[in-house]
Amino acid sequence: MLRVDSLALAYGATPVLEGASLEVPSGKFVSLVGPSGSGKSSLLRAVIGLQQPLAGVIETDIGAGDIGMLFQDDALLPWRTAEQNVALGLKLKGVAAGTAIASARQWITRLGLYGLSERFPRELSGGQRKRVALAQVLAREPQLILMDEPFASLDAIVRARVTQDLVRLVELRGISVLLVTHDLEEALALSDVVYLLSHGPRARISGRYEVNLPRPRDVIKARSHPDFAPLLQRLWNDLSREVGERAA
Amino acid sequence: MNPNTAWLRKTVALVILIGVWEACADLGYFDPLYMPAPSKVAVALFQLFAQGTIWPHLIATFSAALGGLVVGLVVGTVLGAVAALTPLVGELLAPVMISLNAVPRVVLAPLFVIWFGIGVGSKVALAFILVAVLIFFTVFTGIRDVDRRLVERVITLGGGRGALLREVYGPSVIAWILGNLKVAVGFAFTGAVVGEFVAATKGLGYLLSFAQSSYNAALMLALVVLIMGFVLLLFGLTGLLERRLLRWRG
Ligand SMILES: Nc1ncnc2c1ncn2[C@@H]1O[C@H](COP(=O)(O)OP(=O)(O)O)[C@@H](O)[C@H]1O
Ligand SMILES: [Mg+2]
């Protein structure tokens with residue numbers, strides 16, 4: 001469980017978030033959407049401890065070592081191979097080197113990167129690097145994963161595959177997820193709950209949408225479920241109003 | 001042009017250059033006192049080795065250059081790292097280093113002779129100061145400009161100071177140092193030879209100044225070729241090291 005209550009955040013004198021509250025119940029997939037620049041990344045950074053909030057509460061029953069973060073860019077250590085990058089995540093959690101490497105190889109294979117273990121990040125495509133970063137997070141068997149537009153740079157097919165793999169794993173292991181995305185369809189297809197962040201500055205949560213599509217979920221087929229289109233329409237309208245009001 | 005034959009074209013160009021030079025010298029266009037023929041230079045070079053007189057000089061220059069290089073690399077790296085990681089030390093060291101960087105540091109050669117004598121000490125000191133300042137800035141700015149994203153990744157994975165040094169700062173610093181290693185090797189030899197040139201009893205720089213005082217242009221050119229050859233050899237070794245350690249860069 002993760003609870004963010006009345007979070008306020010600023011960069012110097014520039015306010016970003018004010019009174020932002022959301023909750024990620026245990027084992028649930030939660031998405032956060034909102035206009036760009038509203039403070040979605042900043043919120044995740046505050047949760048993981050990279051950003052100091054001005055006010056508010058960030059509460060969780062999950063230890064810091066059991067929270068994983070997948071960043072927007074796929075920056076891996078360039079001087080470490082794919083498997084070394086994944087193993088590093090385990091070693092920093094206290095896993096012995098030999099076990100870490102063996103487990104890293106398994107995860108790399110599980111994410112469809114068989115045979116690429118010993119490549120350096122430079123020798124991998126964007127989609128492959130993303131999978132390595134995902135393997136690095138998943139190998140630590142986190143209870144909560146924070147993701148910041150992790151799939152934005154992937155083409156449609158690769159993106160569908162990576163997200164489907166992720167959803168299957170999350171469903172299987174009861175992992176909680178807080179996903180930031182600007183893709184409303186993706187948010188609905190993957191999530192149990194979607195939060196809408198209002199336009200900044202002083203952004204707060206302006207909408208909460210329950211997504212009661214069946215699980216296990218097919219991230220493509222879910223989009224043709226009868227409940228999907230009306231939800232998407234509502235979310236779209238609300239987001240347009242957020243962006244429109246400020247722009248006008 | 002075919003890149004596979006680049007070495008061939010370069011060799012041909014060099015041979016032509018030397019050939020033209022030899023021809024001009026033989027035809028009397030060049031005064032042999034100032035510009036001896038390549039064959040004369042080759043003879044001078046051969047004699048240096050055949051008579052065995054070159055060895056103590058070579059050893060002297062090499063020891064001074066390599067000594068200054070190694071100590072300069074170590075001290076430059078440590079000071080650069082400490083200055084970048086502890087702001088107080090950074091503020092103390094930065095002005096000194098900036099001043100040292102602003103002057104051509106070989107001007108310190110006469111001073112070092114007074115401080116450390118005409119023996120090997122003053123040559124090592126000059127090579128050292130040339131290398132250390134270069135490496136200080138390499139490491140200092142390198143650590144300051146380290147990829148913040150990588151630092152955040154390691155912190156997010158639970159890494160502390162030790163992990164950051166080992167996983168992020170260490171490898172970045174090694175990459176930057178290797179990137180500047182050729183320049184450092186060149187600097188080390190410059191320091192050693194200039195130091196010997198100013199005041200010494202042996203070394204390639206000493207031989208140069210001896211050749212100068214005896215108006216022996218062939219010997220001078222032979223020494224220049226010799227120094228060039230050795231520095232190129234070291235560049236080659238540095239290149240090998242770079243390719244080996246920076247494999248991840250491709
Ligand atoms: N390091 C920073 N320094 C100053 N301002 C920042 C910094 N990071 C983000 N901002 C500003 O804070 C606001 C929110 O940024 P961000 O959290 O990245 O938004 P989002 O992820 O929703 O696009 C933006 O206006 C952005 O310009
Ligand atoms: Mg963002």
Side-chain angles (χ1 to χ4, degrees), chain A residues 41 44-51 63-95 97 100 104 118-124 129 132-142 144-148 150, chain B residues 73 76-78 80-81 84-85 87 135 138-182 184 237-250:
Chain A
S41 299
L44 289 194
R45 291 171 60 83
V47 171
I48 201 80
L50 290 173
Q51 196 73 43
D66 292 321
I67 302 179
M69 170 106 178
L70 199 55
F71 292 83
Q72 182 163 3
D73 56 73
D74 43 41
L76 299 162
L77 295 176
W79 35 80
R80 297 267 183 253
T81 60
E83 70 181 21
Q84 288 170 338
N85 266 285
V86 176
L88 175 65
L90 290 165
K91 285 196 235 165
L92 291 178
K93 219 185 165 184
V95 177
E118 283 167 28
R119 294 231 185 142
F120 288 102
R122 176 184 61 81
E123 301 164 326
L124 299 169
R129 278 200 292 269
V132 173
L134 187 58
Q136 189 184 52
V137 170
L138 291 174
R140 287 160 60 98
E141 307 199 344
L144 169 66
I145 308 179
L146 310 173
M147 302 192 216
D148 192 356
Chain B
L73 281 172
T77 303
V78 170
L85 297 173
I135 296 301
T138 303
V139 172
F140 182 73
T141 53
I143 288 183
R144 291 247 157 143
D145 296 344
V146 74
D147 190 342
R148 289 299 310 167
R149 298 173 311 168
L150 299 181
V151 173
E152 287 185 349
R153 296 301 187 275
V154 171
I155 290 175
T156 307
L157 292 172
R161 234 181 139 79
L164 281 175
L165 281 177
R166 195 175 60 245
E167 300 295 334
V168 183
Y169 290 109
S172 311
V173 164
I174 289 173
W176 292 311
I177 291 177
L178 283 174
N180 268 326
L181 195 54
K182 278 184 188 156
L237 291 176
T238 311
L240 278 181
L241 195 67
E242 246 175 83
R243 273 198 293 287
R244 175 124 195 84
L245 289 178
L246 299 184
R247 209 159 45 91
W248 53 271
R249 239 187 211 174

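Computation of the quantities below employed the complete heavy-atom set of this structure, encompassing side-chain atoms and omitting hydrogens, waters and symmetry-equivalent molecules. Chain letters run A, B, ... following the sequence lines, proteins first and then strands; every chain starts at 1.
- If you measure heavy-atom distances from Leu76(A) to chain B, the contacts under 4.5 Å come from the backbone alone.
- Per-residue counts of heavy-atom pairs under 4.5 Å with chain A were compared for Pro171(B), Gly158(B), Ala175(B); the largest is that of Pro171(B).
- Interface with chain A: from residues 142-152 of chain B, residues Arg149(B), Leu150(B), Glu152(B) qualify, criterion being any non-hydrogen pair under 4.5 Å.
- Ala75(A) touches chain B through backbone and side chain together, each having a heavy atom under 4.5 Å away.
- Trp248(B) contributes atom CH2, which lies 11.0 Å from atom CZ of Arg80(A) (distance to the nearest 0.5 angstrom).
- With a threshold of 4.5 angstrom between heavy atoms, Arg119(A) does not approach chain B through any atom at all.
- Taking both residues in full, the closest heavy atoms of Arg247(B) and Arg122(A) are given as O-NH2, 3.7 Å, listed atom of the first, atom of the second, then distance.
- The most heavy-atom pairs under 4.5 Å with chain B, out of Lys93(A), Glu123(A), Lys91(A), Gln136(A), come from Gln136(A).
- Side chains of Thr156(B) and Phe71(A) form a contact here, defined as non-hydrogen atoms less than 4.5 Å apart.
- How far CH2 of Trp79(A) is from CG of Leu245(B): 13.5 Å, rounded to the nearest 0.5 Å.
- Separating the CG atom in Leu157(B) from the CE atom in Met69(A) is a distance of 11.5 Å, to the nearest 0.5 Å.
- In this structure, CG in Leu88(A) is found 12.5 Å from CZ in Arg153(B), a value given to the nearest 0.5 Å.
- When heavy atoms are compared at a cutoff of 4.5 Å, Leu77(A) approaches chain B by way of both its backbone and its side chain.
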